Each structure stands twice: as structure tokens, then as C-alpha cells.
S.K.: 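Sharing a structure here in C-alpha cells format.
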Amino acid sequence: MPDAILVTGGAGYIGSHACKALAGAGYLPVAYDNLSRGHRELVRWGPLEEGDLADGRRLAEVLRAHRPAAVLHFAAFIAVGESVREPLLYYRNNVGGALSLLRAMEETGVGTIVFSSTAAVYGDPERVPLTEEDPRRPVNPYGRGKRLIEELLEDQAAARGLRYASLRYFNAAGADPDGETGERHDPETHLIPLVLRAAQRRGAPLTLFGDDYDTPDGTCIRDYIHVSDLAQAHVLAVRSLLAGRPSGAFNLGSGEGYSVREVIEACRRVTGEAIPVTVGPRREGDPPRLVADPSRARQQLGWRPALSDLDTIVRTAWTWCKREAGDARS
Ligand code: UDP
């Protein structure tokens, strides 16, 4: 019998890729998802247990039934702008959900968790690349909630011996190279899928949020990391914790920064389509530069991103995007 791993948010974008990676590594991924923003069809590598994080009894029942060796905790709302408009929704769902999960884990004796954190915990950094020791000064409710959960894990580790890894994702992008899962957000807010939709003339032209930043071409710089590389980091983090190696936070980025204009150009190159773009005002809360120093994950987890060059990210996202549009052209 393979070791089970509970994957909250296993029907979502990164969670479904993690389920595939876990199955490939010999684990049984058990997805726990309320399907409010996840998709039943993306649960393909193990069972789906429908349930809400807020439902502690259901969680404990599922934990008792599957006796997982660890939990990967993805289930959360992810839209920064929405968190600014609806802070209570974000604190209740993200922080309240994590609290409920940790309580159920303690109750059922599951002591290992890999948590989906974010580069948004760093806020607007003074310098890049960012190391894990840089100060956490998030600038919106989404990032503040994630910092709070990181602190909760640290406190629970000190008090109860919880083993945890807080994985700080930079810009997750791309799709499974085999085309078995990908990004399906509604509404979509992320740059690469929006640029690709603009290339397909689906929806509006891309609005570029500000070209007057203090960067070489005036647009924001981000560190794009392939979602399958992120998924692999979760497998490595689980193995590391289960082998008794230390808990902690890890930056997951490629270490390379690309501007919004460079991403648009990569999309034009890969798709062969012109991209209609209009330049709009800056989006509130967007720092000019976010780039990871991923050396801790490399050294401590042995993580080696393999698909995170920009063209591979865009190519895999494009294949998925065409499939989602029901577009038969290759
Ligand atoms: N962006 C943009 N237009 C869009 C969506 C995003 O210009 O319609 C820019 C955004 O300002 C940021 C970068 O693209 O500089 C990446 O944004 P995304 O929302 O994908 O990820 P974030 O960096 O916010 O996590």
C-alpha cells in the first residue's frame, strides 16, 4: 500500500499538478476539496474527498479514514485584489481554514504539513533576489493571511513538534507538459493566461498594468516558475520532512526575473500571433520587482527546476489554453 498524502485543494491548479507528482513518486494523493473553485475533472491521480476546510468533523473523518503520512495544504483563495475588497472572506477562508486543518491534524495525530505560502509575504522588497531571511512585510490581506499561517505553523512546531515546510511560490505558471491538467481560474487574473487569451482573440486585449516603473523597460519584473517544478518541490519537501530533516521556509522561484513586456514577447514568439495590448494604470499593490534566491531549496531539498525557462512555461500554457478553448489548431 502506498503512503497516502492528503492534498487540500487537490482539484485546483497547483494542487492537481502536485497530485500527479505525488502519484509519480509512489504516493497516493487524496484530494480534499469543496469544489467551490476547484474542478472535479482535474482530480485524476487518486480519490476525491469532498469537504470544506471549515468542517473540522469532516476533515477529521477523512484523516482517520486515509491515515495520511502528511498533508499538502493548497486550498485557499488566491486573488490579491479580491482580498483587498473582501478581507473577512480571505481571513475566514485562508486563516480560518488553516486553523481548522491544524486542529484536525492534531486531533488525529498527523504531524507533517507542506503549506502553500507566497512571495506576497515579502511585500514590496528593498532588494532582490529575496532570501528567506528577508523581512516579511506583506502589503495586502492575502499576503498578511499567509504570513499569519506561516507564524501559526512556527508556533505549533514549537509547542507540539509539528513538522512543516512553508513553500513561498513566486509566479506559478505553465501547465502539465502531458496536457493532463492546467490552469482554470474564473475569473482569470494571471498574466500569462490572459496574454494567451488575447492572442486567441478570446476576451479583451491585454491591459498592461503600468509601464512607468523604475525598471529597464518600465514594466514590472517577476520570477515565473513552472507549476510542475513547483509540484516536484512538494514531493521533495514531504520526503525531507518525513526523513526527519528540519522544518522551515523555502523560496520557490527560478531566480530569473522577466518584465511584463518580455513575457508578452515570449507569448508572441511561441504562439506566432500578434498580441493586442493596451497600457493602463498601475495595479495597486504591485511591487516593481520580485525575484527569488532559490538556493535554500536547491541545497536543502535538492530541488532543480527543469521546465522553468520562459518559452517552456509559455509553450505548455499555450497547449492547455488551446485545449480549454476547444481549439483544434496546433
Ligand atoms: N499584469 C498585467 N496585466 C494583467 C495581469 C497582470 O500587466 O492583466 C502584470 C502585473 O501587474 C504583474 C505581472 O503582470 O506585474 C504578474 O501579475 P500576475 O497577476 O500574473 O501575478 P502576481 O505577480 O500578481 O502574483
Side-chain angles (χ1 to χ4, degrees), residues 12-14 37 74 76-85 90 94 116-125 128-130 138-147 167-175 182-227 230 251-254 256-268 275-292 308 310 313-314 316-318 320-321:
Y13 172 44
I14 308 176
R37 298 189 181 186
F74 295 94
F77 291 160
I78 58 158
V80 169
E82 185 183 43
S83 82
V84 174
R85 293 189 303 275
Y90 271 66
N94 292 6
S116 298
S117 190
T118 167
V121 297
Y122 295 116
D124 189 353
V128 294
L130 284 149
V139 294
N140 51 58
Y142 169 73
R144 280 191 281 274
K146 292 283 183 175
R147 180 183 63 187
L167 302 185
R168 296 178 183 155
Y169 311 153
F170 282 67
N171 286 62
E183 192 160 9
R184 193 182 285 168
H185 294 125
D186 184 20
E188 186 53 77
T189 62
H190 293 120
L191 179 63
I192 291 176
L194 288 175
V195 174
L196 295 178
R197 285 181 195 189
Q200 287 177 313
R201 307 295 186 275
R202 260 204 293 162
L206 181 87
T207 303
L208 198 166
F209 296 143
D211 66 354
D212 58 350
Y213 286 93
D214 183 17
T215 59
D217 68 14
T219 67
C220 288
I221 292 174
R222 294 287 181 275
D223 180 334
Y224 296 87
I225 184 79
H226 196 285
V227 62
L230 282 185
N251 286 340
L252 298 183
S254 70
E256 298 284 338
Y258 293 98
S259 73
V260 176
R261 284 217 187 274
E262 287 173 316
V263 170
I264 294 169
E265 174 52 24
C267 293
R268 192 201 57 71
I275 316 280
V277 175
T278 55
V279 177
R282 293 182 179 195
R283 184 171 67 178
E284 206 187 326
D286 264 346
R289 282 188 180 78
L290 280 177
V291 181
S308 291
L310 197 50
I313 288 175
V314 172
T316 55
W318 180 231
W320 177 256
C321 180

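Ligands are counted one by one from 1 in listed order, and the atoms in each one are counted from 1 as well. Note that this is a predicted model, so its numbers are computed, not measured.
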S.K.: Got the closest protein heavy atom to atom 15 (O) of ligand 1, with its distance?
M.R.: Cys220 CB, 3.0 Å
S.K.: Starting from atom 1 (N) of ligand 1, find the nearest protein heavy-atom neighbour and note its residue, name and distance.
M.R.: Phe209 CD1, 3.6 Å
S.K.: For the OG atom of Ser83 and the CZ atom of Phe77, what is their distance to the nearest 0.5 Å?
M.R.: 11.5 Å
S.K.: Just need the protein heavy atom nearest to atom 3 (N) of ligand 1, so name the residue and atom and give the distance.
M.R.: Thr207 O, 2.7 Å
S.K.: Looking only at heavy atoms, which two atoms of Ala173 and Ile192 are closest? And how far apart?
M.R.: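 Taking Ala173 first and Ile192 second, the nearest heavy atoms are CB-CD1, 3.8 Å.
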S.K.: Has the side chain of Ser254 got a donor or acceptor atom that lies under 3.5 Å from a matching backbone atom of Ile225?
M.R.: no
S.K.: May I ask whether Val260 has any heavy atom positioned less than 4.0 angstrom from an atom of ligand 1?
M.R.: yes
S.K.: Looking only at N/O atoms, are His190 and ligand 1 under 3.5 Å apart anywhere?
M.R.: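 No, since none of the N or O atoms of His190 sits under 3.5 Å from an N or O of ligand 1.
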S.K.: Return yes or no for this condition: an N or O of Leu191 is under 3.5 Å from an N or O of ligand 1.
M.R.: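 Yes, Leu191 has an N/O under 3.5 Å of an N/O on ligand 1.
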S.K.: Step by step, would you call Tyr258 with Asn171 a side-chain hydrogen bond (donor to acceptor under 3.5 Å, both in side chains)?
M.R.: CA-CA 11 Å; Tyr258 293 98; Asn171 286 62; over 6 Å; no
S.K.: Can you find an N or O of Tyr224 that's nearer than 3.5 Å to an N or O of ligand 1?
M.R.: no
S.K.: For atom 11 (O) of ligand 1, what is the nearest protein heavy atom, given as residue, atom name and distance?
M.R.: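 Closest protein heavy atom to atom 11 (O) of ligand 1: Asp286 OD2, 2.5 Å.
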S.K.: Should Glu265 and Arg268 count as an ion pair when the cut-off is N to O under 4.0 Å?
M.R.: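 Salt bridge flag = yes for Arg268 with Glu265.
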S.K.: Quick one: OG on Ser259 to CG on Leu208, what's the gap to the nearest 0.5 Å?
M.R.: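 With rounding to 0.5 Å, OG (Ser259) is 8.5 Å from CG (Leu208).
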S.K.: With rounding to the nearest 0.5 Å, note down the distance linking CG in Leu130 to CZ in Phe170.
M.R.: 5.0 Å
S.K.: For atom 25 (O) of ligand 1, which protein heavy atom lies nearest, and how many Å away is it?
M.R.: Asn171 ND2, 3.6 Å
S.K.: Starting from atom 17 (O) of ligand 1, which protein heavy atom do you reach first, and at what distance in Å?
M.R.: Arg283 NH2, 3.4 Å
S.K.: List ligand 1 atoms under 4.0 Å from Leu208, heavy atoms only on the residue side.
M.R.: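 Result: 7 (O).
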S.K.: Of the side chain and backbone of Thr189, name the one, both, or neither that has a heavy atom under 4.0 Å from an atom of ligand 1.
M.R.: backbone
S.K.: What atoms of ligand 1 come closer than 4.0 angstrom to any heavy atom of Leu194?
M.R.: 8 (O)
S.K.: Mind checking the CD1-CZ spacing from Ile221 to Arg261? Nearest 0.5 Å is all I need.
M.R.: 13.0 Å
S.K.: Distance from Glu256 atom CD to Glu262 atom CD, nearest 0.5 Å?
M.R.: 10.0 Å
